[in-house]
Novice: 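After the structure tokens below, expect a handful of questions from me.
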Amino acid sequence: MSETSIIFYDFQNAERYWQKEWDKNHIFDVPDVPDPNIPKYYVLEMFPYPSGQLHMGHVRNYTLGDVVARYKRAQGFSVLHPMGWDAFGLPAENAARSRGISPAKWTMENIATMRAMLKRLGFSLNWDREFATCQPEYYGQQQKIFVNLIKEGLVERRESWVNWDPVDQTVLANEQVIDGKGWRSGAPIEKKQLSQWFLKITEFAQPLLNGLKQLDHWPERVKIMQERWIGRSEGARIRFALQNPPSDFDDALKSIEVFTTRPDTLFGMAFLAISPDHPVAVQLAKNHPDIANFIAECHQLGTSEEAIEKAEKRGIDTGIRIAHPFISDQTFPVWIANFVLMDYGTGAVFGCPCGDQRDLDFARKYNLAFKTVVLPKGAQEDQFAISDVANTEPGIAINSDFLNGLSTAEAKTAMIQRLEEMNIGKRVVNWRLRDWGISRQRYWGCPIPVIHCPECGIVPVPEDQLPVCLPEDVDFSMPGNPLENHPTWKHVSCPHCHGPAQRETDTCDTFVDSSWYFARFTAPTASSPVKDQAVNGWMPVDQYVGGIEHAILHLLYARFFTRAMHKMDYLKVDEPFAALFTQGMVMHESYKDANGEWIAPEEIERTSKGAIKKDTGEAITIGRIEKMSKSKKNTIAPSTIIERFGADTARWFVLSDNPPERDMEWTEAGVTATSRFLQRLYRTIHNVSQQVPITSVKNEPLSTAASDLRRITHRTIAAVTDALENFAMNVAIARLHELTSALNDAEKSSDQEGMNFARREAALNLSMLCGPFIPYMAETLMNLLEPNTQMVVQRPWPIADKSLMAATKVIIAIQIRGKLRATIETTPNMDENSVIELARKEPAIIKFLEGKTIIKTIYVPNKIVNFVVNG
RNA sequence: GCGAGCUUGGCGGAAUGGUAGACGCACAGGACUUAAAAUCCUGAGUCCAUAACGGACGUGCGGGUUCAAGUCCCGCAGCUCGCACCA
């Protein structure tokens, strides 16, 4: 048996050992207030919801962040890299209802399981900073911020439509309503008006939009998604008086205001359309059963995208007519139309069929006459007519009285000016962004720190009475909000008048919890939400890593909260995340049996004839590669991988296969290949440590083999560093493979001069470069090479020596008319004429140049000679 | 409908405008072994051709710029994702 066959990396012992060493030395701890003499770097991954199970998506996310954190540490930065738990939310309550476990206990047990997994994966986290958002120490501070938001005028309580589940007696989020039914109860969902708490994010609409421009290190598509979500549009509001208002209309209902981005098309108006939820429609429904029916039908229509897509334009004529500000001899009908949205603009539009496809469809359907008021560029007025396609492009105004002949842009300005003079309209900026409703009628969330007093109204809980803690003796057997049902919790005395009063029983949307946790991490035990020097010392987060699914909500809310906190002097930055990286999903093949049931990967076996089920031998269909999910049973538990192959294997594989922003496929072959490589790396370094004792190393003249190895070593240092700067972990890993092979091959020429030095150098640098990726093995390798000295995590990142990277010979491509015809080998930086001379003497080139004239010769030093010929 | 991204061998992918296919997977052949596993070595874009040398084609498709294009520009197609009756 050869010596090498028994050398085997024992990952279990290594992981336990190095974990302890790092902990003991507090390697990853940093102070609340960063040392001003050391550059700071704040790395953060989106903190997890403690479901109890770590999945491969987490492994990929946190490994990416950890590589950055370890790399920056080695480069001399003081790195803040914390971890916590987004611990409020409905699953804990569901567990309580179905299994009788208290949400707190369930959550804390899940956290313990997941924390243990994260520790095994070797992430360089500052665990002292850990917190869970469900702890009063955290949400109590959040309540302080909330009270200040009230003082700042950024909180509002108002009526709003919600999805109400009449069985569970709770409000549901849109995504919890499936086909119009509650996701848990299956009961038809009702639209209900409830008093809700809102955070006035719309007050920051413009700054949030402007701020996107500074975010140079955010993915373009995330910025575009946010921009569209905020949705700024410029236009005008125009008020139309009703000609014949019904007698039961009060003054507010006697006119209808519309929002338009095309005031220039006002002369093309054919009708006015209001939303089924518009106050005028609601009032009319009271006395008109047909209108009430129509509105009810509109509400029944599904809200799914597909339903909207297919829904045809429908409406009902209200019989009400309005006057046109500039067309005195004509009035226009007011229709209720199913395509007008109540929550955008004013809930009413004027219909201009020639310039809007929806309006055109509507006019055709109900035979409403209209005029064409915009002539496209280059069209003849007497020949141009609208058929079935509206013209939404700018052009020249026609049939439009005082606007005639003006361009669309000029006409808009002229019209708005006229409307403003007449005091019936004005220029406005309209936003798609709406205020953030944060009320949830649930138990497991941060209580909104407010008291309702019959005498004093709404009274914020005074700071010295915070936190408002969740009661622990809660009954989940009744439907509805357990806080509402609790016998004593909500009954308190008013902080003002000391009379009997009631606590607010709504809790916060969990997105609130995650909107400032990154600031709290800088001083997690501070007695105020943040500590001045800590938060301003560490913020902003230099690199944020997470999933694209949070491109809008979480990231927008966090940006808003940071601005609000800045306004309230909690901190001094506007943008919380200087750089954002969004990683792809982890996918896996899916499998189905003959009955179409999903089959888990561990139940199948692949044979030459295809896949079969292990226990029964029945044939299995191999399906598409899909995102790992429980429902498709195609998940691989990180715990089983870590137990079989070790944490380093899992880490290396999730990084090695493809660029991190793309979706990756988890494969058994990939894992075993990774595991094989790591064993080879271990053997390679082990052999160096055995064959090249430290004492034998002298810096002696280098043989070709030795200087070749040194060149590869230094080129690898440069390439890996460069790849890490560009988040190209897969490329870095390819280069580490190359260095490993080169070092392995070098064993053959170990007797050459200078080889001891070159091999040691390669091995040491290889160990260092591997540190961010496979931290346990890197320490093990370093300890083989230089036992009981500094750990990898204590050593600086290697710096490439450029003078050693230069080649001793270069291969130059010889092209004829840009086509490769031969290559020649020269010394580097040989002078142009000599290279060209050599090139022309090359047999293959002579052949190609025969009978032709060289018109031009291109020379790119050390790379290319290109002969441009004719004939 | 609007927007973004992607398209390179059997597969994942690499490539500051300068030798396309690095690195890895899968595959094939060989060494070691009683055998297997593990390990090591070798091969491989496609097509044509050969004893050998060699040649043509080739980065979704069609154009363009350039001495030179996977890379830059214009147009098109397909796939993926996001938003979606936003007036």
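Only this structure's heavy atoms are used, side chains among them; waters, hydrogens and symmetry mates stay out. Letters A, B, ... are given to chains in the order of the sequence lines, protein chains preceding strands, and every chain is numbered from 1.
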Novice: Of A:Y344 and A:L820, whose closest RNA chain B nucleotide lies nearer the 5' terminus?
Specialist: A:L820

Novice: How about CZ on A:R840, more than 12 heavy atoms from neighbouring residues, nucleotides or ligands closer than 6.0 Å, or not?
Specialist: no

Novice: Could you encode protein contacts along nucleotides 45-56 of chain B as a string, one character per nucleotide from 5' to 3', using B for base contact, S for sugar-phosphate-only contact and - for no contact, with a heavy-atom cut-off of under 4.0 Å?
Specialist: ----------SS

Novice: Nearest whole Å is fine: how far is B:U19 P from A:E825 CD?
Specialist: 17 Å

Novice: Assess whether salt bridge (Lys or Arg N to Asp or Glu O under 4.0 Å) is satisfied between A:D708 and A:R711, documenting all intermediate values.
Specialist: CA-CA 5 Å; A:D708 283 350; A:R711 185 168 57 251; 2.7 Å; yes

Novice: Reading RNA chain B 5' to 3', what string of ( ), [ ], | and . shows its pairs, if Watson-Crick and G-U wobble pairs count only when both distances fall under 3.5 Å?
Specialist: (((((((..(((.....[....))).(((((.......))))).((((.....))))..(((((..]....))))))))))))....

Novice: For residues A:E297 and A:N338, determine if any side-chain heavy atom of one lies less than 4.5 Å from a side-chain heavy atom of the other.
Specialist: no

Novice: In whole Å, I'd like the distance from the NZ atom of A:K852 to the C1' atom of B:C67.
Specialist: 16 Å

Novice: Mind checking if A:V868 touches a base, just sugar-phosphate, or nothing, with heavy atoms under 4.0 Å?
Specialist: sugar-phosphate

Novice: Given the P atoms of B:C73 and B:G78, what is the spacing between them in whole Å?
Specialist: 22 Å

Novice: Of the candidate nucleotides B:C83, B:G18, B:U19, which contains the atom at the shortest distance from the side chain of A:R432?
Specialist: B:C83

Novice: Can you check whether A:I201 reaches A:L208 side chain to side chain, under 4.5 Å on heavy atoms?
Specialist: yes

Novice: Given atom CD of A:Q679 and atom P of B:G24, what is their separation to the nearest angstrom?
Specialist: 17 Å

Novice: Under the rule syn = chi within 90° of 0, otherwise anti, which is B:G9?
Specialist: syn

Novice: Pick the P atom in B:A56 and in B:A49, then give their distance to the nearest Å.
Specialist: 16 Å

Novice: I'd like to know if the side chain of A:N862 pairs up with that of A:N829 as donor and acceptor (distance under 3.5 Å, no hydrogens or angles considered).
Specialist: yes

Novice: Would a 4.5 Å heavy-atom cut-off, applied to side chains only, mark A:V349 and A:R358 as touching?
Specialist: no

Novice: Going by ring pair (Phe, Tyr, Trp, His ring centres under 6.0 Å), A:F271 matches just one of A:F332, A:F362, A:Y366, A:F240. Which one?
Specialist: A:F362

Novice: Taking the same atom, C1', in B:U71 and in B:A52, what whole-Å distance lies between them?
Specialist: 38 Å

Novice: Between B:C85 and B:G5, how far apart are the P atoms? Round to whole Å, please.
Specialist: 23 Å

Novice: Side chains of A:S741 and A:R680: donor-acceptor distance under 3.5 Å anywhere?
Specialist: yes

Novice: In whole Å, I'd like the distance from the NZ atom of A:K412 to the P atom of B:A87.
Specialist: 10 Å

Novice: Can you find a side-chain donor-acceptor pair between A:S233 and A:N430 that sits under 3.5 Å?
Specialist: no

Novice: Work out how far the P atom of B:C81 is from that of B:C47, and round it to whole angstrom.
Specialist: 34 Å

Novice: Considering only atom C1', compute the distance from B:C67 to B:C61 and round it to an integer number of Å.
Specialist: 26 Å

Novice: Please check if atom NZ in A:K627 has more than 12 non-hydrogen atoms from other residues, nucleotides or ligands closer than 6.0 Å.
Specialist: no

Novice: Output the rounded distance in Å from CD1 (A:I814) to C1' (B:C67).
Specialist: 14 Å

Novice: Taking the inter-plane angle between the rings of A:F11 and A:Y9 on a 0 to 90° scale, is it parallel (under 30°), tilted (30 to 60°) or perpendicular (over 60°)?
Specialist: tilted

Novice: What nucleotide, of B:G18, B:C85, B:C23, holds the atom closest to the side chain of A:I858?
Specialist: B:G18

Novice: Between A:T672 and A:R262, just flag the one whose closest nucleotide in RNA chain B comes earlier from the 5' side.
Specialist: A:T672

Novice: Select one nucleotide: of B:A87, B:A22, B:G3, the one nearest the side-chain heavy atoms of A:I224.
Specialist: B:G3

Novice: Checking contacts here: which listed nucleotide (B:C25, B:G24, B:C67) is nearest the side-chain heavy atoms of A:A669?
Specialist: B:C25

Novice: Give A:I811 one of three labels, base, sugar-phosphate or nothing, depending on what nucleic acid heavy atoms sit under 4.0 Å from its own.
Specialist: base

Novice: If I take atom NZ in residue A:K365 and atom P in nucleotide B:C85, what distance separates them, rounded to the nearest angstrom?
Specialist: 18 Å

Novice: On a whole-Å scale, what distance lies between the C1' atoms belonging to B:A4 and B:A68?
Specialist: 32 Å

Novice: Can you see if the side chain of A:R232 gets near the phosphate of B:C86 - specifically, an N or O under 4.0 Å from OP1 or OP2?
Specialist: no

Novice: Ignoring the backbone of A:V340, work out which of B:A87, B:C85, B:A26 is nearest its side chain.
Specialist: B:A87

Novice: Would you say the side-chain atoms of A:T63 and A:R651 include a donor-acceptor pair closer than 3.5 Å?
Specialist: no

Novice: May I have the distance from A:L433 (atom CG) to B:C83 (atom P), rounded to whole angstrom?
Specialist: 16 Å

Novice: Just checking A:T260: base, sugar-phosphate only, or nothing, at a heavy-atom cut-off of under 4.0 Å?
Specialist: sugar-phosphate

Novice: Please pick, from B:A68, B:C86, B:U39, the nucleotide with the shortest atom-to-atom distance to any side-chain atom of A:L341.
Specialist: B:C86

Novice: Expressed as a whole number of angstroms, how long is the span from A:M587:CE to B:C79:C1'?
Specialist: 13 Å

Novice: Using the C1' atom on both, measure B:U34 against B:A44 and round to a whole Å.
Specialist: 32 Å

Novice: Side chains of A:L266 and A:H324, heavy atoms from C-beta outward: is any pair under 4.5 Å?
Specialist: yes

Novice: For atom NZ of A:K365, is the number of surrounding heavy atoms from other residues, nucleotides or ligands below 6.0 Å larger than 12?
Specialist: yes

Novice: Please work out if A:E738 contacts a base, only the sugar-phosphate, or nothing of the nucleic acid, heavy-atom cut-off 4.0 Å.
Specialist: sugar-phosphate

Novice: Check every strand shown and say whether A:R228 touches a base, only sugar-phosphate, or nothing at a heavy-atom separation below 4.0 Å.
Specialist: base

Novice: What string of B, S and - do you get for nucleotides 8-17 of chain B 5' to 3' if you count protein non-hydrogen atoms under 4.0 Å?
Specialist: ----SSS-B-

